[in-house]
Amino acid sequence: MKAVIFDMDGVLFDTERLAVKCWDTIGKEIGLGEVGYMVLKTLGRTREESVKIFEREFGDRFNNDIFQKHYRAYLEDYYSKNPVPLKEGVNEILDYLKSRKIKTAVASSSSEESVMHHLKSAGIENCFDKIICGDMIEKSKPEPDIYLYAADRLGIKSEECCAVEDSKSGLISAHRANMKTVYIPDLYIAEPEIREIIDYEFSSLDEFRLFLIRKED
């Protein structure tokens, strides 16, 4: 293994649960009811693809401009009072990988604006060799493009990388890119057919780090 590539939401940051609460709140505000369950349906997708999923779910009742206006207002208020919720073990595993000269990258379907905001908020924007965002590639997860692009930018063959994921689309994307898949469950619980493409499963980044340490012995 020459590189570890991390998804962002649900892996580095505990933002998926925040999104559920946010979407439930603003869904009620705009007359759709609690729509937090849509987080699971859109995990790993770009904003554009998520909009299409919402439109299929709610039809003409969904107005993306209104939804985004409420979404931005909710997050601006939240982040004015709270830091981005960092997952336990992030700093420790990044320090460990750096000490072993293993390259790291972020491969997130979120926009560059969102990714950089979160990384800078946590003070870890300089901890990665490359940062790949959803608006840098044409086809997002579950297509392999973002992981293939990340490996190319790192200058490492995809089969020499492992991808740390928590979503179905992300795991499929990494598998299609011929990477080792590391699954750390968050909101999504993998179905039996998805478990067939998972190489390793850990309860946390700390457990993954300890596994890597044991492999050295």
Side-chain angles (χ1 to χ4, degrees), residues 4-27 29-30 35-55 62-88 90-91 94 104-143 145-147 149-150 153-154 163-171 173-174 184 186-188 205:
V4 178
I5 305 175
F6 297 87
D7 177 45
M8 185 180 75
D9 293 302
V11 172
L12 298 176
F13 298 101
D14 195 12
T15 42
E16 290 174 359
R17 287 175 178 79
L18 173 61
V20 170
K21 182 178 179 181
C22 172
W23 289 10
D24 275 342
T25 299
I26 64 179
E29 290 174 353
I30 63 178
V35 298
Y37 69 92
M38 292 296 290
V39 171
L40 272 173
K41 292 192 174 188
T42 57
L43 283 180
R45 304 304 183 98
T46 62
R47 180 178 296 177
E48 291 75 15
E49 289 177 325
S50 296
V51 169
K52 292 177 182 178
I53 293 170
F54 265 84
E55 289 173 343
F62 177 73
N63 183 306
N64 185 52
D65 290 337
I66 294 175
F67 187 89
Q68 293 298 331
K69 180 181 178 181
H70 283 254
Y71 189 31
R72 286 192 297 270
Y74 185 102
L75 291 183
E76 285 175 7
D77 178 67
Y78 179 87
Y79 288 133
S80 70
K81 303 170 184 174
N82 305 278
V84 179
L86 191 68
K87 283 278 193 175
E88 184 178 353
V90 171
N91 289 307
L94 291 176
T104 57
V106 172
S108 172
S109 297
S110 296
S111 67
E112 184 175 6
E113 178 184 8
S114 176
V115 171
M116 295 312 300
H117 169 270
H118 287 17
L119 296 179
K120 288 179 179 178
S121 174
I124 58 173
E125 73 274 18
N126 295 320
C127 295
F128 300 93
D129 294 288
K130 299 295 177 183
I131 297 171
I132 312 301
C133 310
D135 41 15
M136 296 178 180
I137 47 114
E138 188 172 337
K139 296 179 181 179
S140 70
K141 304 170 186 178
E143 298 303 320
D145 299 42
I146 193 167
Y147 278 112
Y149 183 55
R153 291 290 305 278
L154 288 170
V164 186
E165 274 285 355
D166 71 301
S167 73
K168 181 176 183 176
S169 59
L171 290 165
S173 174
I184 299 181
D186 191 45
L187 295 184
Y188 166 70
L205 289 172

Quick one: does Phe6's side chain get under 4.5 Å of Ile184's, heavy atoms only? no
Tell me, do Ile5 and Leu154 make a side-chain contact under 4.5 Å, heavy atoms counted? yes
Does any pair with a residue in residues 106-132 pass salt bridge (Lys or Arg N to Asp or Glu O under 4.0 Å), and if so which ones, sequence neighbours excluded? none
Take Leu94 and Phe128, measure what side-chain contact (heavy atoms from CB on, under 4.5 Å) needs, and give me the verdict at the end. CA-CA 8 Å; Leu94 291 176; Phe128 300 93; 3.6 Å; yes
Considering all heavy atoms of both residues, which atom of Cys127 and which atom of Thr104 are nearest to each other, and what is their separation? O-OG1, 3.2 Å
What heavy-atom pair brings Ser109 and Lys141 nearest, and what distance separates the two atoms? OG-CD, 3.6 Å
Residues Asp166 and Gly10: closest non-hydrogen pair is OD2-CA, 3.8 Å
How would you list, by chain and number, every residue that makes a ring pair (Phe, Tyr, Trp, His ring centres under 6.0 Å) with Phe54, sequence neighbours excluded? Trp23, Phe58, Phe62, Phe67
Walk me through whether Leu119 and Phe13 qualify under side-chain contact (heavy atoms from CB on, under 4.5 Å). CA-CA 9 Å; Leu119 296 179; Phe13 298 101; 3.9 Å; yes
Who pairs with Asp77 by side chain to side chain donor-acceptor pair (under 3.5 Å), at least two apart in sequence or on another chain? Lys81
Got a donor-acceptor contact below 3.5 angstrom from the Ser169 side chain to the Leu43 backbone? yes
Set of residues satisfying side chain to side chain donor-acceptor pair (under 3.5 Å) with respect to Tyr74, sequence neighbours excluded: none
Identify, with sequence neighbours excluded, every residue that meets salt bridge (Lys or Arg N to Asp or Glu O under 4.0 Å) alongside Asp65. none
Test: salt bridge (Lys or Arg N to Asp or Glu O under 4.0 Å). Region: residues 8-24. Which pairs qualify, not counting sequence neighbours? Asp14-Arg17, Asp14-Lys87, Arg17-Asp186
Looking at Ser173 and Ile146, what are the two nearest heavy atoms and their distance? OG-CG2, 4.0 Å
According to side chain to side chain contact (heavy atoms under 4.5 Å, CB included), who are the partners of His70, at least two apart in sequence or on a separate chain? Ile26, Glu29, Ile30, Ile66
Working to the nearest 0.5 Å, report the span between OG of Ser108 and CE of Met116. 11.5 Å
What side-chain hydrogen bond (donor to acceptor under 3.5 Å, both in side chains) pairs are there with at least one residue in residues 36-45, not counting sequence neighbours? Tyr37-Glu57, Lys41-Glu57
Heavy-atom check, side chain of Leu86 versus side chain of Asn91, under 4.5 Å: yes
Any heavy-atom pair between the side chains of Tyr147 and Asp7 that's under 4.5 Å? yes
Going by the rule salt bridge (Lys or Arg N to Asp or Glu O under 4.0 Å), which residues pair with Lys139 if we only count those two or more places apart in sequence or in a different chain? none
Kindly indicate, with the supporting measurements, whether the criterion side-chain contact (heavy atoms from CB on, under 4.5 Å) is fulfilled by Leu205 and Val90. CA-CA 7 Å; Leu205 289 172; Val90 171; 3.5 Å; yes
What residues, two or more places apart in sequence or in another chain, satisfy salt bridge (Lys or Arg N to Asp or Glu O under 4.0 Å) together with Glu48? none
Compare every heavy atom of Tyr71 with every heavy atom of Cys22, then report the nearest pair and how far apart it is. SG-CD1, 3.3 Å
For the residue pair Pro85 and Tyr79, what are the closest heavy atoms and their distance? CD-CE2, 4.5 Å
When rounded to the nearest 0.5 angstrom, what is the spacing between NE2 in His118 and OG1 in Thr15? 5.0 Å
Applying side chain to side chain donor-acceptor pair (under 3.5 Å), name anything that partners Asn64, two or more places apart in sequence or on another chain. Gln68
Those residues that, when tested against Arg47, pass salt bridge (Lys or Arg N to Asp or Glu O under 4.0 Å) (two or more places apart): none
